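Below is one structure, written out as structure tokens, with a few remarks after it.
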Amino acid sequence: MPSDDSRALDFAAIEARWQGRWYGDRVFDSEPVEGAPKYFIIFAYPGTSGYLHVGHMRAYTYTDIMARFMRMKGFNVLFPVGAHATGNVSITPAKKVERGDTETLAYFRANGCTEDELRKLSDPLEVVRFFSKVYVDDYWKRFGFSADFRRFCTTIDPGYMRFIEWQFLKLKERGLLFQKPYMGTACLKCGPVAVDPSETDISSGGNAEKQEYTLLKCRSGDRYLVAATLRPETVYGQTNFWANPGTEYVEIDVEGEKWVVSPECAEKLSHQIDGVRITGNIPGRALIGTGCKPPVIDREILVLPASFCDPNVGTGLVTSVPSDAPYDWIALRELQEDEARCKSLGLDPAQVRAIEAIPIIRTPGFGPLPAKEICERMGISKLGDPRLEEATKEIYSTGFHTGVMNDLCGEFAGLNVSKAKDRMKAAMFDRGEAALFYDMSEPVTCRCGGKVIVKKIPDQWFIDYGNREITDLSKEHAASMRIMPPEYHANLPGILEWFQERSCARLGNWLGTPLPFDRRWIVEAISDSTLYPAYYLISKYVTSGELRPEEMDESFFDYIFLDKGTQADRDGVSVRAEIVTRKYRKGKWEHIPKIADRIRRDVEYWYPLDVNLGGKEHMTVHFPVFLMNHVAILPVKMWPKGILVNWYIVMKGGKISKSKGGAEPIPDAVKLYSVDGMRLYYAHSASPFVDVEWDDGIVRGYRQRVERIYWQYLDAIAAIRDASPPESRMDRWLEAEFTSSIDRMQSFMDAFDLRAAAGEIFFTIPDRIRWYERRGGQGAAMKRILPLWAQAMAPFVPHVAEELWERLGHKDFVSTSLYPAEAPETDREVAAEEDYIVRLMGDLAQVRKVTGIEKGKVWLYVAEEWKCEVMAKVSGLHASGTRDTSGLIKAVMQMPSAKAHAKEAAAFVQKAAKDIAAGQAPSPPKDEHALLSDSTQFLSRETGFEIVVQKAGEKGIHDPKGKARAAAPGRPAIYAEAI
RNA sequence: GCGAGGGUUGCCAAGCCUGGUCAAAGGCGAUGGACUCAAGAUCCAUUCCUUAGUGGUUCACCGGUUCAAAUCCGGUCCCUCGCACCA
């Protein structure tokens, strides 16, 4: 027995040792092998934006486990890795470093970045280079990934960019690219910016949303007072118009029309509509008391004063619908009660008082005037009340979802509000009475300090994912794919259908590939990462220098992916493909396959991709376009075969965020928990399809579990090293248990159920071995199962598995060993016997507990022979459909053995039938008495009771309490006496 | 707004698709015991209530289907996540 302290494993040494050997021997570099089945798996590569955290490693580890498993199953596995540098992911940190952002600098330093390195990182390209290296060396190799690192590439490698150019040429050729105007968020100084909660481009306003206002053009003389509304469906309820008497408005020329809006709005509009210019000023005061004629309703309404008209919101002018807008309701009432104010603004109080709200929407739970009702309910009576916001939201959301337009709404009467909204908008546009206007829901400030606005981009490039043919083909193909979890498989067709056009390029200063036919545009990050698994087949040749980026023209890719330019018209093939036919090798020139041919063969061999594994954030973004681009561009035989989605590791309080940092740096985590401990944690602590809360203690527990198994394994080796232990029934038992565990593990793995698979190997098997030892197993079976056990562990805990494999005396790697093709025949009968013993021990414990007898003598009564016969009979009848008790009893009474005990038998049949129906009838071992007699010593030792085995129903047995009668097949009766 | 997932016994987490074998796997924690001078580690047992063992009440809540429901259907409450040119 080793002393206790030595039972801590030096994981770091083991990890370093095996990683050194794997990568030193390049055992995971993959090349096609004629005739060998292949397996091509990737994980969605990370953006080079920051350090990775323990959550990312979950997905990556799944990928490696699958890759390792398939390799050992005999597949030729290709598992390449890369990094995603497109867009501004690396620009953002570079900018932060450049301006000396203290948080960012601290973040880099905390993760171990040296000052030398840090200085360079103000250059985005350096950031890409830096993180590429960190990912490969500090994370992926550090985790022992069995990847082919020769193929590593980023999306801004020159070769990759050629590939993307080709992709877009093909999309264009297929008619899937088009241009149209788009309203984007932008800073006037910096160009397009992203507005999102992570605030990578902006300094504030990350939660702002782009809102679409409908501009209602209300005729007033030769011009329009233009009101902005989010609720165009309420136009029938307009009773008056609001303007702010305390502010200035401007008159602008819009395509020949004169509009009145706030100056702020005019400025915003000028970025959205061409040729907008200011032609005059109008004090708000001057509008009050005039009239205007809004769209749809055929009547003039009065312009009234309202302080809540904010020149920064919408047009600064508002149309009033007091029936459904709490603000309007309160404002109107206040004014109606304020005669003095009316007079001071030159309004006729009587005329103002005459205005009445017009009910337009029937909303369940509300009367005809919801705005009025909610204000009364909430006790809102003044415009200054902050709860007006809440009231507005409530009315809007209830009305929108449940409301129906009433009879006053002309042709729209009877429609659901949600439907009426779109139709009314469309009708007003058609008649030229309305226009669209976009604005942010709250102020957004760019990193440069400028204001972020909504700006029209007149010629934005889109990919047409709404294309009928591509959508249908993709849906059809998705149905045939292996997609996990099943819920996603079911949802994917819906997502593909929902996917419409998507902008695919950006103006501005981003990293990425310029569109080959319009180089002002840079292909954006989602669109340039759809076919990339295919590029891993090429990157190797670029890295090695065998292929130069400038040689990768359209005809080159056409040749290797689309079979164009084969044999017959070689003239069209890339020049380079012809050139590299000879190479100086080993001192002489030899002919080697042309590089393009070699790559083409690689593509034919490795493609399609078998599994694309990525986080759930990809479900509605990356995966659909990944699939649709394959369908659009590549031949059917190259369409992907599988998708696996993983959920997250979360910290208390939310998702671990790469951009925000704060998570455990991987190198530190590895020291704390060990690589194999973490790998086992990922695989086993939960299904891949749920979020898991990171918990230190639990991860430590897994490290300990690995250690424990390691020592259990070594002890087992030591115990059998030079001995030839005798074979016993427990050896047959262990081998059978082990074999079925391995069987289950294999089928779990095939179903991507890593958790259940790991459970078999790291929990069930050690547990069975302990039982084996407890029952006196001497090691004969251990000798046989140990090698396969190490192999089974290898995908999950490869470092420790290699170590154990070596201790067994192997000179090769367990990682590249193969699982045996066939499982040995095993004896299932013994399993029933051991189940019986386990069950009995449970009953004994139960008896001990309820009687309180700790030490004493226990009599076990094995059921009479006739009971076994009756049980078998009932069981057979039950299986063949006879289930009613009286029928069963009749049938059983035909049996002479039962008839001899008629009364008892009838009762027994009833109970047996019940147990069988409930599935609770244990299958008894063949000879209970013999088994028990053989096991008395074991049972005594385990329970501390003296054990006597008797046959129920025999004369002269010791049975003072008549317990023997309760004996059932597979379940002996028990009687205990304290000493 | 659009869409998805979920609420299980102290905690984490299986089961739910394919109803019965489910008082409900496994892990963690807790309690007791073994081993030890002791501690840790390890091993064994217990961990809803009850009871000389085969009984009772549970799987967010309400209702329904069924001989039978954690599992199917309808409703309610609560939580989480994805998307809306960040990737």
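Each chain gets a letter, A, B and so on, in the order the sequences are listed, and its residues count up from 1. The structure presented is a predicted model; accordingly, all values stated were derived computationally and were not measured.
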| message | Strictly below 4.0 Å, N to O, side chains only: are A/D439 and A/K210 in salt-bridge contact? | response | no
| task | Between B/C16 and B/C72, how far apart are the C1' atoms? Round to whole Å, please. | result | 10 Å
| Taking the inter-plane angle between the rings of A/W859 and A/H958 on a 0 to 90° scale, is it parallel (under 30°), tilted (30 to 60°) or perpendicular (over 60°)? | tilted
| said: Starting the side chain at C-beta, find the nucleotide from B/A13, B/G53, B/C44 nearest to A/A973. | reply: B/G53
| If you pin A/D753 and A/M841 to their nearest nucleotides in RNA chain B, which one's is more 5'? | A/D753
| query | In terms of side-chain heavy atoms of A/V690, which of B/U80, B/A13, B/C86 is nearest? | reply | B/A13
| What interatomic distance, in whole Å, is found between P of B/C28 and the corresponding atom of B/U46? | 16 Å
| Checking A/R506 against A/W510: charged group under 6.0 Å from the ring centre and within 45 degrees of the axis? | yes
| said: Can you measure A/Q712 atom CD to B/A41 atom C1' for me and round it to whole angstrom units? | reply: 14 Å
| remark: A/R941 CZ to B/C43 P, in whole Å, measures 17 Å
Tabulate atom names and distances for all N/O pairs under 3.5 angstrom spanning the protein and nucleotides 48-52 of chain B.
from: B/A52; atom 1: O2'; to: A/K963; atom 2: NZ; distance (Å): 3.2
from: B/A52; atom 1: N6; to: A/A976; atom 2: O; distance (Å): 2.5
from: B/A52; atom 1: N1; to: A/A976; atom 2: N; distance (Å): 2.7
from: B/A52; atom 1: N1; to: A/A976; atom 2: O; distance (Å): 3.4

All N/O contacts under 3.5 Å from nucleotides 3-10 of chain B to the protein, with atom names and distances to one decimal?
from: B/A4; atom 1: O3'; to: A/N491; atom 2: ND2; distance (Å): 3.2

| message | For A/F462 and A/W521, I'd like to know if the aromatic rings sit close, meaning centre-to-centre distance below 6.0 Å. | response | no
| note | For A/R679, the side-chain contact (heavy atoms from CB on, under 4.5 Å) test, sequence neighbours excluded, returns A/T61, A/D64, A/I65, A/R68, A/F143, A/F145, A/V675, A/D676, A/P798
| Contacts of A/P181 that satisfy side-chain contact (heavy atoms from CB on, under 4.5 Å) - sequence neighbours left out | A/K456
| query | Is the side chain of A/K421 donor-acceptor paired with the backbone N or O of A/L230 at a distance under 3.5 Å, no angle test? | reply | yes
| request: Look at the side-chain N and O atoms of A/R502 and state whether any lies under 4.0 Å from the OP1 or OP2 oxygen of B/A87. | output: no
| field | Phosphate OP1/OP2 of B/U42: any A/Q704 side-chain N/O under 4.0 Å | value | yes
| Of the nucleotides B/A14, B/A87, B/C81, which one has an atom closest to the side chain of A/S687? | B/A14
Output a table of nitrogen or oxygen pairs between the protein and nucleotides 25-29 of chain B separated by less than 3.5 Å.
from: B/A25; atom 1: N1; to: A/R755; atom 2: NH1; distance (Å): 3.3

| B/C2 P sits how many Å from A/E497 CD, rounded? | 18 Å
| Can you name the residues that form a side-chain contact (heavy atoms from CB on, under 4.5 Å) with A/P486, not counting sequence neighbours? | A/M484
| task | Pick the C1' atom in B/A60 and in B/G7, then give their distance to the nearest Å. | result | 6 Å
| query | Do A/H684 and A/Y702 make the cut of ring centroids closer than 6.0 angstrom? | reply | yes
| request: In whole angstrom, give me the gap between the P atoms of B/G26 and B/G74. | output: 34 Å
| task | Report yes or no: is the cationic atom of A/R58 (NZ for Lys, CZ for Arg) under 6.0 Å from the centre of the six-membered ring of A/Y648, at an angle within 45° of the ring normal? | result | no
| task | Answer yes or no: does a side-chain N or O of A/R774 lie under 4.0 Å from OP1 or OP2 of B/U42? | result | no
| Rounded to the nearest 0.5 Å, what separation is found between the CD1 atom of A/I457 and the NZ atom of A/K180? | 12.0 Å
| query | Between A/Y532 and A/H622, how do the two ring planes meet: parallel, tilted or perpendicular, split at 30° and 60°? | reply | tilted
